[in-house]
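Each residue takes its place number in the sequence, starting with 1. Computation of the quantities below employed the complete heavy-atom set of this structure, encompassing side-chain atoms and omitting hydrogens, waters and symmetry-equivalent molecules. First listed ligand is number 1; within each ligand, the first listed atom is number 1.
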Amino acid sequence: MTELQASLDAIAARAASDEDRGRVADYIPELARVDPLRFGIAVALPSGAVLSAGDADVAFSIQSISKVFTLAIALGRLGDGLWRRVGREPSGQPFNSILQLETEHGIPRNPFINAGALVVTDAILAGHKPRDLLGEILDFVREAAGDEDIHINRAVAASEAEWGARNRALAEFMRSWGNLEHPVDLVIGTYVHQCAVEMTCRQLARAGLFLTGAEGTPALVSAQRIRRINALMMTCGHYDASGDFAYRVGLPGKSGVGGGILMVVPGRASIAVWSPGLDETGNSKLGSRALEELVAATGWSVLG
Ligand code: GLU
């Protein structure tokens with residue numbers, strides 16, 4: 001435990017002096033206001049202990065990390081029926097690419113690229129008002145984290161809705177293929193709010209504990225689904241850098257353009273890291289570096 005704390009302190013200290021921090025996302029204007037010098041990391045253990053360093057208590061926009069939670073809800077609601085509408089293969093393309101949708105008849109490659117996440121949101125909207133679904137997503141995340149103090153930043157959602165022409169295009173395109181049941185505005189409106197959930201590293205690390213499958217963690221989905229969500233995080237969690245993250249870090253993770261990454265050490269720990277500067281593939285630059293350092297220090301890997 002003290003060794004782990006020492007590793008986190010060393011990682012945060014190194015990150016603080018790193019000048020090569022990447023670029024804060026600015027295509028959602030509200031995200032561009034975030035201080036690029038922020039860095040936080042937290043490790044939640046199945047015992048309930050949470051170790052952290054840096055800005056681990058500062059809330060940030062989880063953005064695409066929300067796709068892990070909506071996928072868990074969708075699999076619970078639709079089961080394997082979901083896979084008729086979205087694939088399970090890495091895309092090898094940027095997070096917001098439209099390229100494959102044309103040749104693949106409006107079926108997105110996986111639930112973690114934007115097109116796939118829009119389909120997932122559309123699927124779980126069935127029978128719900130958007131407000132109720134957002135309430136359900138928040139309830140899920142709050143229960144996972146064991147913390148009621150998790151909210152949606154409406155200014156971030158509004159900012160993304162205003163500047164979200166690309167996502168709207170993806171949604172319209174999928175609708176033309178019959179793979180979107182609800183009106184595009186409804187799906188986009190819900191999606192931008194789910195992405196605008198804010199959490200601290202400590203909250204997010206705790207919220208990921210259910211994915212470790214460890215005894216004593218919240219039993220929100222079945223063991224089989226936990227394996228499958230982890231598999232998708234491993235193969236598709238970092239867009240066109242998923243293979244590189246798997247090679248360098250070697251554990252299931254999901255990144256977001258807010259600069260956060262949630263990573264799971266099956267059976268052992270859930271980790272959240274946040275540094276707003278992104279690399280050219282839209283993943284947190286210092287965040288992925290920090291996770292690489294953490295696995296080197298702890299020896300954590302898929303081999304157990
Ligand atoms: N809300 C962001 C978008 O749709 C999520 C992208 C991300 O976090 O990677 O553009």
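For the residue pair S91 and Q100, no side-chain donor N or O sits within less than 3.5 Å of a side-chain acceptor on the partner. For the 3.5 Å distance criterion, the side chains of D149 and H151 qualify, holding a donor opposite an acceptor. Side-chain contact of Q224 with S222: a donor-acceptor pair under 3.5 Å is absent, judged by distance alone.
With a 4.0 Å heavy-atom cut-off, ligand 1 is reached by the side chain of N167 but not by its N, CA, C or O.
Looking only at heavy atoms of the protein, atom 2 (C) of ligand 1 is closest to Q63 OE1, 3.1 Å. The single protein non-hydrogen atom nearest to atom 10 (O) of ligand 1 is Y27 OH, 2.6 Å, given as residue, atom name and distance. Considering only non-hydrogen protein atoms, atom 3 (C) of ligand 1 sits nearest to E160 OE2, 3.1 Å. Atom 9 (O) of ligand 1 has Y239 OH, 2.3 Å as its closest protein atom, hydrogens excluded (heavy atom only). Ranking protein heavy atoms by distance to atom 4 (O) of ligand 1, first place goes to Y191 OH, 2.6 Å.
Inclusion of I28 in the set of residues having an N or O under 3.5 Å from an N or O of ligand 1 is not warranted.
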* Asked: Checking side-chain contact (heavy atoms from CB on, under 4.5 Å) for the pair S66/I137: CA distance, chi angles, key distance, verdict?
  -> CA-CA 9 Å; S66 66; I137 295 170; 5.9 Å; no
* Would D18 and K285 satisfy salt bridge (charged side-chain N to carboxylate O under 4.0 Å, His left out), going step by step from the backbone distance to the final call? -> CA-CA 11 Å; D18 199 328; K285 192 158 195 171; over 6 Å; no
* Between D147 and R202, is a salt bridge (charged side-chain N to carboxylate O under 4.0 Å, His left out) present by the stated rule, with each step listed? -> CA-CA 10 Å; D147 191 335; R202 290 176 74 87; over 6 Å; no
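Residue-ligand proximity, C195 to ligand 1, at heavy-atom distances under 4.0 Å covers atoms 1 (N). Taking every heavy atom of G256 and a limit of under 4.0 angstrom, the matching atoms of ligand 1 come to 8 (O).
A heavy-atom separation below 4.0 Å is found between N114 and ligand 1.
When the heavy atoms of G260, A25, S64 are ranked by distance to atom 7 (C) of ligand 1, first place goes to S64.
For R33, the CZ atom is loosely surrounded, since the number of other residues' heavy atoms within 6.0 Å does not exceed 12.
Ring pair F210/F140 is perpendicular by interplanar angle, where above 60° counts as perpendicular and below 30° as parallel.
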